[in-house]
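First up is the structure itself, then whatever we jot down about it.
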Amino acid sequence: MTVGPVLDVDAVSKSFGAVDVLRQVSVRVEPGTVVAIVGHNGAGKTTLMRMALGLVRADSGEIRLGGIPVARLGRLGGLVGASLDASALPPSWRAGTAVRIAADLAGVTDRQAHGALTLVGLGDVGRRRIGNLSAGMRQRLAIAVALVATPRLLVLDEPTNALDPLISHELRGWLGEHASRGNSVLLSSHNLAEVEEVADRIVVLHQGRVVQDAAKSTMLAADTAVVRVDRPDLLTERLGQLGHATEQLPDGAIRVYGLAAGEVGGICAERGLIVRELRDEQRRLSDIYQSLTTQGAIGDDRG
């Protein structure tokens, strides 16, 4: 029997007033994977996550959880766990109360609630009021609430905010373990280094559109070269004519996206340029992200 995606976002659009927040966005989250959504502030990441939880209704398109339209699912407890805003937890509640309520709603035991607190390193603060916790502890508590029922889909909006490096490292382990059991994770983050460490698939949102959606291994394996020539303006012009994105580096070299060093060398020879440096370069997510969002801004038709 074929197993479909845990979450299927199909050609979804959403506007608030005159602002188009999402435009024909499609995203699939398969079982056992960690999918990261990255994009500038205002790209539509949080709106997309809220729509996946049924908190915001799409203007067009459809979102399905486990093959069922989210609008027809009366209860998501046990199926989905989410952490969208750690500050939304009532400050007067005790930490233990928050996870026990989440456990009750999901139909799991208090023992599992305490286990979730212990997992995130808060096993000894259950009686402390949320308002007295540090920002990092509140963030960990929100993650514990999301994890309490071991949901099939874990939805996390900026989960590493206010976390110190050690806890961020542990979070990557929790997410990897969660996915290894056949569950799925959808997260958003501005921390591209963290995304590069934890994600199996990366979706780049820019101004409400998906400008890249690919497996991390595929995205990072694409060709990139660095070249230094005597006439960089001529090379940049020719590469632009051929449809290849470039980036001027501070030391005067040019980073070329989508071509290996040998291919760039051929173009240099064609133009009679003197090559002073030419090498392939291992791609980083931050480089790809900058290239994609810059191209998206230039090509956007909204003005």
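Counting from 1, the numbers follow the sequence of the chain as shown.
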Exercise. Could you tell me whether Asp213 and Arg201 have a side-chain N and a carboxylate O separated by less than 4.0 Å?
Key: yes
Could you check whether any side-chain N or O of [X] sits under 3.5 Å from a backbone N or O of [Y], counting only pairs where one atom can act as donor and the other as acceptor?
{"X": "Gln112", "Y": "Ala149", "result": "no"}
{"X": "Arg94", "Y": "Gly126", "result": "no"}
{"X": "Asp280", "Y": "Ala260", "result": "no"}
{"X": "Asp8", "Y": "Arg64", "result": "no"}
{"X": "Lys216", "Y": "Glu196", "result": "yes"}
{"X": "Ser189", "Y": "Asn191", "result": "yes"}
{"X": "Asp164", "Y": "Ile167", "result": "yes"}

Quiz: residues 44-52 side-chain donor-acceptor pairs under 3.5 angstrom, not counting sequence neighbours:
from: Lys45; atom 1: NZ; to: Gly39; atom 2: O; distance (Å): 2.9
from: Lys45; atom 1: NZ; to: His40; atom 2: O; distance (Å): 3.2
from: Thr46; atom 1: OG1; to: Asp157; atom 2: OD2; distance (Å): 2.8

Taking all atoms of both residues into account, what is the closest heavy-atom pair of [X] and [Y], and its distance?
{"X": "Gly208", "Y": "Val25", "value": "O-CG2, 3.3 Å"}
{"X": "Gly131", "Y": "Arg138", "value": "O-NH1, 4.5 Å"}
{"X": "Leu22", "Y": "Ala43", "value": "CD2-O, 4.4 Å"}
{"X": "Ala36", "Y": "Val195", "value": "CB-CG1, 3.6 Å"}
{"X": "Gln24", "Y": "Ser13", "value": "N-OG, 2.9 Å"}
{"X": "Ala146", "Y": "Ser83", "value": "CB-N, 4.0 Å"}

Are the side chains of [Y] and [X] in contact, using a 4.5 Å heavy-atom criterion?
{"X": "Pro31", "Y": "Arg152", "result": "no"}
{"X": "Ile267", "Y": "Val256", "result": "no"}
{"X": "Leu84", "Y": "Leu53", "result": "yes"}
{"X": "Leu153", "Y": "Ser184", "result": "yes"}
{"X": "Trp174", "Y": "Leu154", "result": "no"}
{"X": "Leu273", "Y": "Asp230", "result": "yes"}
{"X": "Leu259", "Y": "Leu239", "result": "yes"}
{"X": "Thr236", "Y": "Asp233", "result": "no"}

Out of curiosity, [X] [atom1] to [Y] [atom2], how far, rounded to the nearest 0.5 Å?
{"X": "Leu249", "Y": "Glu247", "atom1": "CG", "atom2": "CD", "value": "5.5 Å"}
{"X": "Asn183", "Y": "Thr33", "atom1": "CG", "atom2": "OG1", "value": "10.5 Å"}
{"X": "Glu263", "Y": "Leu242", "atom1": "CD", "atom2": "CG", "value": "11.0 Å"}
{"X": "Arg209", "Y": "Arg23", "atom1": "CZ", "atom2": "CZ", "value": "3.5 Å"}
{"X": "Arg271", "Y": "Leu235", "atom1": "CZ", "atom2": "CG", "value": "9.5 Å"}
{"X": "Glu197", "Y": "Leu175", "atom1": "CD", "atom2": "CG", "value": "12.5 Å"}

Assigning hydrophobic clusters by single linkage (Ile, Leu, Val, Met, Phe, Trp, Tyr; side-chain heavy-atom cutoff under 4.5 Å), is [X] placed with [Y]?
{"X": "Val148", "Y": "Val125", "result": "no"}
{"X": "Leu122", "Y": "Leu156", "result": "yes"}
{"X": "Leu147", "Y": "Leu163", "result": "yes"}
{"X": "Val12", "Y": "Phe16", "result": "yes"}
{"X": "Val9", "Y": "Leu55", "result": "yes"}

Quiz item: Above 12 or not: heavy atoms from other molecules or residues under 6.0 Å from CZ of Arg279?
Solution: yes
Quiz item: Got more than 12 heavy atoms from elsewhere within 6.0 Å of CZ, Arg57?
Solution: no
Exercise. For side chain to side chain contact (heavy atoms under 4.5 Å, CB included), just list the numbers for Val185 and Val29, CA-CA rounded to whole Å, side-chain angles, deciding distance to a tenth of an Å, and then say yes or no.
Key: CA-CA 8 Å; Val185 180; Val29 181; over 6 Å; no
Quiz item: Quick one: which of Thr160, Val120, Leu171, Asn161 gives a side chain to side chain contact (heavy atoms under 4.5 Å, CB included) with Gln139?
Solution: Asn161
Self-check item: side chain to side chain contact (heavy atoms under 4.5 Å, CB included) between Val27 and Leu7, worked out
Solution: CA-CA 8 Å; Val27 176; Leu7 174 67; 5.8 Å; no
Exercise. Consider only side-chain N and O atoms of His169 and Arg172, and report whether a donor and an acceptor are under 3.5 Å apart.
Key: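 A donor-acceptor contact under 3.5 Å links the two side chains.
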Practice problem: For Gln212 and Tyr289, test the side chains for any donor-to-acceptor distance below 3.5 angstrom and give the result as yes or no. | Solution: no
Quiz item: Of the options Gln290, Glu281, Gln248, which is the one that meets Arg255 in a side chain to side chain donor-acceptor pair (under 3.5 Å)?
Solution: Glu281
Quiz item: Can you list the steps and then say if Val38 with Leu205 is a side chain to side chain contact (heavy atoms under 4.5 Å, CB included)?
Solution: CA-CA 6 Å; Val38 299; Leu205 269 183; over 6 Å; no
